There are 2 protein chains.
Amino acid sequence: MKPVAVIVGFAKIISLLTGGTVASATMKMIASATGVSKATVSRAFHAPHLVDPKTRLKIMQVAEQYNYVYNAAAGDLSRKKSSLIGVLVPGPNKSFFGTSLIAMQDKAQEEGFSLVIGNTKYDCRIEKKIVEQFQEHRVAGLILTGFLKSNEVYFYNLVRKDIPCVFTWETMADQGLNYVGFDNYDAAFRITDYLVGLKHRRIGLLVGPYSKISRAASRLEGYRAALKKNGIDFDPQLVKEREPSHIEGKEAVKEFLKIKNRPTAIFAASDTLAIGAITGLKEKGLKVPEDISIAGFDDIEFAAFCDPPLTTIRVPSYEMGKLTMKVLIEMIRGASSQIRQYDLSTDLIIRNSCAELQR
Amino acid sequence: MKPVAVIVGFAKIISLLTGGTVASATMKMIASATGVSKATVSRAFHAPHLVDPKTRLKIMQVAEQYNYVYNAAAGDLSRKKSSLIGVLVPGPNKSFFGTSLIAMQDKAQEEGFSLVIGNTKYDCRIEKKIVEQFQEHRVAGLILTGFLKSNEVYFYNLVRKDIPCVFTWETMADQGLNYVGFDNYDAAFRITDYLVGLKHRRIGLLVGPYSKISRAASRLEGYRAALKKNGIDFDPQLVKEREPSHIEGKEAVKEFLKIKNRPTAIFAASDTLAIGAITGLKEKGLKVPEDISIAGFDDIEFAAFCDPPLTTIRVPSYEMGKLTMKVLIEMIRGASSQIRQYDLSTDLIIRNSCAELQR
DNA sequence: TTGTACGCGTTATCAC
DNA sequence: GTGATAACGCGTACAA
């Protein structure tokens, strides 16, 4: 049952009635002005070698004179192709997503595609609505970034249907989906292992909602694996699941302090949480890293400029965006329909927010 | 002379040849399946009252069954309207622009428009190219955010021509352009005046490239006016023009320290610069605000969580985005062609990075 | 209330 | 090389 799509299409049509006017010179016009047929004009543009240099020059001149601009929508319609790509982001204010977005834009433009962006604000219904908008504009492909688990079924249908899709930053279970991301497990493992190397054995984990976001779950696993490798027992008390925001980080860290035999280091699986945590510790009169070490995740621009500069994991945002778009465009062009999954590697960036345990 | 547009259109056509395939149920199909004409189907959607409830219901059912999705591009073509709006941003990684973007998206979707976004990376040629891409997709309108002065002439032509345009965050000289922004002059005046109220008389200004960005110029003027009002002589030595980045802020503040009779307070006309400045001061062993006061501008999310929390100017990003889109859509719908300019008001947010001058 | 016929701006397939 | 002509999917007089 999919009546919703129909209703939405309906509402859209109504609103279009009051949409923006469009007018411009057409091929037909410049054809008659040049004294040739529109077929020739079309050819002059997309197959110059098939047209006499003289007439071609003339056509170009007239086009220029009339300030002609190609109509991509009409072309797409005729050709039954699309030069639009839809990108779904959970909110463009996250600086790391932003970097990915820039990369996608770069690549898309390079290849002659335009980007339509929709931000979901982490709301399933909005997400659904935007995808429908995308479909009405006949996007050639879809990039899904950091979507929510709750929409899994919906997307699963979408992907299996017709539109080429690439997931990035976040993917669904272990379906055969195209995906570009990075190894969350490995990154979490390494930074946890690093903290153990600094003699910490009580290491707190401040992580995103892993029940909803699988990359958070991977980070939890990486953390546990690192503990295990070093013979440290896992203590559920030391794991706190929070939305990634400064405030949540600030509040959560205070709860960590209340634990008897409290952690000497905390791995906050997002720089935002880490910075909030540092703020919270300062409020409590504790020093980072002397009294407690804090490690982050993401390497946002600000991480190098907070106090103390944050030890964290650098995520290859730009490369991810570029690769995601590359994969999608290759799918669109039908180069190969095999499933592609990439995990780019991350870097451990050591700054000054973690220190060796003193005792 | 505008041969560039033509050449670009040409390149685009080539690339489209390898674009994405599009296929879906059409009105024609659901018409024959229902046993009516496509005109009736069309009406069933956008003028339900003109069609018999029975046939309408039947059409809807069939549409649903065939999983019909409205083709906005075709509709736009036929109606000579457009439901696409182009937004030009200088790079989506700035969190304050990001907030505006979300607002625009919200409003646009509400009104049945989709957003096509292009980021210029502060590069004139890219900017130009993207606008051409927009034109090829026949965007109904254009939002220009924080553009560069160097492109002024180009945009001036664009605006005067055909496409409805609204400028935001930044506008051109005092042409009759539609604009939504905030009062940079007033904001700079107030925060400078606030610093004077804290007994500072040597106040440094760390400002964006005011020769290129007019809002930076306004902030400079507001700063000067506040000094004048308080009988303080303007000292060119105390003004430094820098690109808004952490590093520039860090470096610039060190130069301030070299000045004999150095400033006791610095107004950094961007939080990024301010935070960089604080970092620089800490490196030099100085305390904020005890040794020197720092004020910012923008109130980015992080401003409340740095050390010390930043006294700054809050900019109504969300409201600006919403209003900008509202104005544009009204223009598109031709409600009125009169020029509209808005300056929203800002708030002075007092935190702990500025203190009264001790002596 | 419904159908016919044409147009929107472009491309593709034939001919010439 | 170039020109008719028919699509592409939809809207809309106009007529029935």
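Just so it is clear, the structure is predicted and the values come from calculations on it, not from any experiment. Sequence lines set the chain letters: A, B, ... in the order given, protein chains first and strands last, and positions in each chain run from 1.
Nearest nucleotide to the A:Y70 side chain, out of D:dG11, D:dG9, C:dT11: C:dT11.
As rounded to whole Å, 13 Å separates atom P of D:dG9 from atom CG of A:D76. Counting to the nearest Å, the C1' atom of D:dC8 and the NZ atom of A:K80 are 7 Å from each other. Between the C1' atom of C:dA12 and the CG atom of A:L77 lies a distance of 13 Å, rounded to the nearest Å. In this entry the distance linking CD of A:Q135 with P of D:dG9 reads 16 Å, nearest Å. Summarising the geometry, the separation between CD1 on B:I30 and C1' on D:dC10 is reported as 12 Å, rounded to the nearest angstrom. Distance A:H46 NE2 to C:dT10 P: 12 Å, rounded to the nearest Å. Across the protein-nucleic acid pair, B:K28 atom NZ and D:dG9 atom C1' stand 9 Å apart, rounded to whole Å. The nearest whole Å value for the distance from the CG atom in B:N71 to the P atom in D:dC8 is 13 Å.
At least one donor-acceptor pair closer than 3.5 Å links the side chain of B:T34 to the backbone N or O of B:I30. Judged by distance alone, with hydrogens and angles left aside, the side-chain atoms of B:N71 form no donor-acceptor pair with the main-chain N or O of A:H137 at under 3.5 Å.
A:K326 has a carboxylate O that lies under 4.0 Å from a charged side-chain N of A:E330, or vice versa, which qualifies the two as a salt bridge. Taking a cutoff of 4.0 Å between a charged side-chain nitrogen and a carboxylate oxygen, B:K107 and B:E110 qualify as a salt bridge.
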From CA spacing to verdict: side-chain contact (heavy atoms from CB on, under 4.5 Å), B:L57, B:K54: CA-CA 5 Å; B:L57 182 65; B:K54 275 184 192 167; 5.9 Å; no
A:T120 and A:L88: CA distance, side-chain angles, deciding distance, side-chain contact (heavy atoms from CB on, under 4.5 Å) verdict: CA-CA 7 Å; A:T120 65; A:L88 221 59; 3.8 Å; yes
Derivation and outcome, side-chain contact (heavy atoms from CB on, under 4.5 Å), residues A:F134 and A:V116: CA-CA 8 Å; A:F134 284 174; A:V116 187; 3.6 Å; yes
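Paired runs in DNA chain C that reach 3 or more consecutive Watson-Crick or G-U pairs, where each pair keeps both distances under 3.5 Å, cover C:1-16 with D:1-16.
Between A:R79 and C:dT11, a side-chain N or O to OP1/OP2 separation shorter than 4.0 Å is present.
For B:S78 against C:dG7, a side-chain-to-base donor-acceptor contact under 3.5 Å is present.
Summarising the local packing, OH of B:Y342 is surrounded by more than 12 heavy atoms from other residues, nucleotides or ligands at distances under 6.0 Å.
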Please list, pair by pair, any protein nitrogen or oxygen found under 3.5 Å from a nitrogen or oxygen in nucleotides 2-6 of chain D.
{"from": "D:dT2", "atom 1": "OP1", "to": "A:T55", "atom 2": "OG1", "distance (Å)": "3.4"}
{"from": "D:dT2", "atom 1": "OP2", "to": "A:D52", "atom 2": "N", "distance (Å)": "2.9"}
{"from": "D:dT2", "atom 1": "OP2", "to": "A:T55", "atom 2": "OG1", "distance (Å)": "3.1"}
{"from": "D:dG3", "atom 1": "OP2", "to": "A:S37", "atom 2": "N", "distance (Å)": "3.0"}
{"from": "D:dG3", "atom 1": "OP2", "to": "A:S37", "atom 2": "OG", "distance (Å)": "3.3"}
{"from": "D:dG3", "atom 1": "OP2", "to": "A:T40", "atom 2": "OG1", "distance (Å)": "2.5"}
{"from": "D:dG3", "atom 1": "N7", "to": "A:R43", "atom 2": "NH2", "distance (Å)": "2.8"}
{"from": "D:dG3", "atom 1": "O6", "to": "A:R43", "atom 2": "NH1", "distance (Å)": "3.2"}

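One side chain, A:D76 or A:S83, offers a donor N or O that lies under 3.5 Å from an acceptor on the other.
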